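Accompanying notes for the structure given below.
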2 protein chains.
Amino acid sequence: MIVKLLFLRFIISNWPAMELLMQSLKMGINSELYIKDPESSDLGKKIVEHSISMIDEMGFERFTFKKLGLRIKSNESSIYRYFENKHKLLLYLASWYWGWLEYRMVFATNGISDPREKLKKAIEVLTQNVQEDSSVSHINEVVLNRIIIDEYSKSLLVKEVGKEKKDGYFIVYKRLVGRLGKMVEEVDKDYRYPNSLASTVLEGALYQYFLREHFSTLTDCDENITPTEYFTDLVFSILKKA
Amino acid sequence: MIVKLLFLRFIISNWPAMELLMQSLKMGINSELYIKDPESSDLGKKIVEHSISMIDEMGFERFTFKKLGLRIKSNESSIYRYFENKHKLLLYLASWYWGWLEYRMVFATNGISDPREKLKKAIEVLTQNVQEDSSVSHINEVVLNRIIIDEYSKSLLVKEVGKEKKDGYFIVYKRLVGRLGKMVEEVDKDYRYPNSLASTVLEGALYQYFLREHFSTLTDCDENITPTEYFTDLVFSILKKA
DNA sequence: CAAAAATAATAGCTTTACTATCATATTATG
DNA sequence: CATAATATGATAGTAAAGCTATTATTTTTG
């Protein structure tokens, strides 16, 4: 009884934050990434939910809409009414992921006025690997984080797509890099490469996790040393001391 | 006449170096990456040569052995006698590329005794983009560099392959990161993340070139600022001063 | 309840990623 | 130089991927 009550209170107290999160996430994701908004129906949510777990299990190349249809007992053709193809679906998942990270970062750094503390917190949130499946019911953020580590680079590769479209697909990521770059500038106005540093941290953190998992000799990160520690040290060694 | 003579002298004087390069390159490349050594025949060389240009033109996913066959007026099935599939071919090209860079790096840093100067030179060679089609006749290193920037991450993604095999496919790259890591250690024995820094520099340089080309707002690199400059500054800010 | 919208079932098409077989060059060697 | 070995080419075929189209059946909603 008490448990239930507590649970209820939790839901209620978190409702506005959750709403805000969903708002902010949906706002960010470019509507050209989907044909029909997957958040708008049960089937759509199922598609997103199970595509995440299937890509994690079998890897992006072996994942197909046909297999997904079988898994969720729906029809291949129905899935095509939500996403043009699996590449767009991956872009959608990636946008969702970066939007979610952005939200958490903004939230976590919100009250902090000292630029160094703020940047430190931001790096922490952005380079930590996700441990808890927290906010949105049908999306498992832990698994999503794993597939982003393994598959994100595939989403970038876009010979087929024109500059304008490409820009749209990556607005969320671009905005996130921009924010981080700004925070770097706040700490050291004279540093000449804030955007490069920001993109290096975001991409580099994924890469270090990838290496830790698949090519451990290429990284010093392990159970003890985290990518967060490595990049925090890196960034604050580079920026001039206060 | 004078031009011809000079050219001849150049070839002759470079012959041993060239031989050595070829040796070192072939040595490095894991023989499981090909079925039949492409260096051993005209057809093999053609396959390598034209696969590079075709991947550059159309991107790795659109590139197929059938199309390559058409281009070089050979048969799809003949190509399959050299490479198991296009993914292995990409791994072969990547190994070749890293081996070539490794060779140039070792060569360029050979005489240098000061660890800082040595590391600086290494970073220069490893992060510079390739401007001249220099050493091996049938391989255009400029174009190869371009496809590595765009497609290298695809070669890494290896859900299908077991740990042991994977290690074999990437020996050259691993050795290169190892070498660079060692040079970092030589400069600062107390730095805790030499391998992570080495892998960050190699991967990060490719990424900065990629961004410069496709998402220029995410980087400060442009015609004036090079990834080499950015990473040189980064590395030497991190390592403790002499 | 009827119309509209969403989903499912089925079929079919083109391309990719191969494998297999047999024919024909090319090269090596006795 | 003959011939056996080897490399390459031509052709065919298969399974799966990556779609599109059509029609039938639910489900939603005004």
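Computed from a predicted structure; not experimentally measured.
Within 4.0 Å (heavy atoms only), A:Ser77 reaches at least one base atom of the nucleic acid. Nucleic acid contact for B:Tyr82: sugar-phosphate only, since backbone atoms but no base atoms lie under 4.0 Å from a heavy atom of the residue. Heavy atoms of B:Lys46 sit nowhere under 4.0 angstrom from any nucleic acid atom. No engagement by A:Lys66 is indicated, since no non-hydrogen atom pair under 4.0 Å with the nucleic acid exists. Using a 4.0 Å heavy-atom distance criterion, A:Thr64 is classed as a sugar-phosphate-only contact. Heavy atoms of A:Phe65 sit nowhere under 4.0 angstrom from any nucleic acid atom.
One can place CD of A:Glu61 at 13 Å from C1' of D:dA17, the figure rounded to the nearest angstrom.
At least one side-chain heavy atom of B:Leu91 sits under 4.5 Å from a side-chain heavy atom of B:Phe170.
Between the CH2 atom of A:Trp100 and the CZ atom of A:Arg104 there is a distance of 4.0 Å, given to the nearest 0.5 Å.
In this model, no donor atom of one side chain and acceptor atom of the other lie less than 3.5 Å apart for A:Thr219 and A:Tyr230. Inspection of the B:Gln208 and A:Ser199 side chains reveals an N or O donor paired with an N or O acceptor under 3.5 Å.
When each of A:Lys86 and B:Leu43 is assigned the nucleotide of DNA chain D with its nearest heavy atom, B:Leu43 is the one assigned upstream, toward the 5' end.
Neither OP1 nor OP2 of D:dT8 sits under 4.0 Å from any side-chain N or O of B:Ser74. Residue B:Lys67 has a polar side-chain atom (N or O) positioned under 4.0 Å from OP1 or OP2 of C:dT16. Phosphate proximity of C:dA8 to A:Lys73: absent, as no side-chain N or O sits under 4.0 Å from OP1 or OP2.
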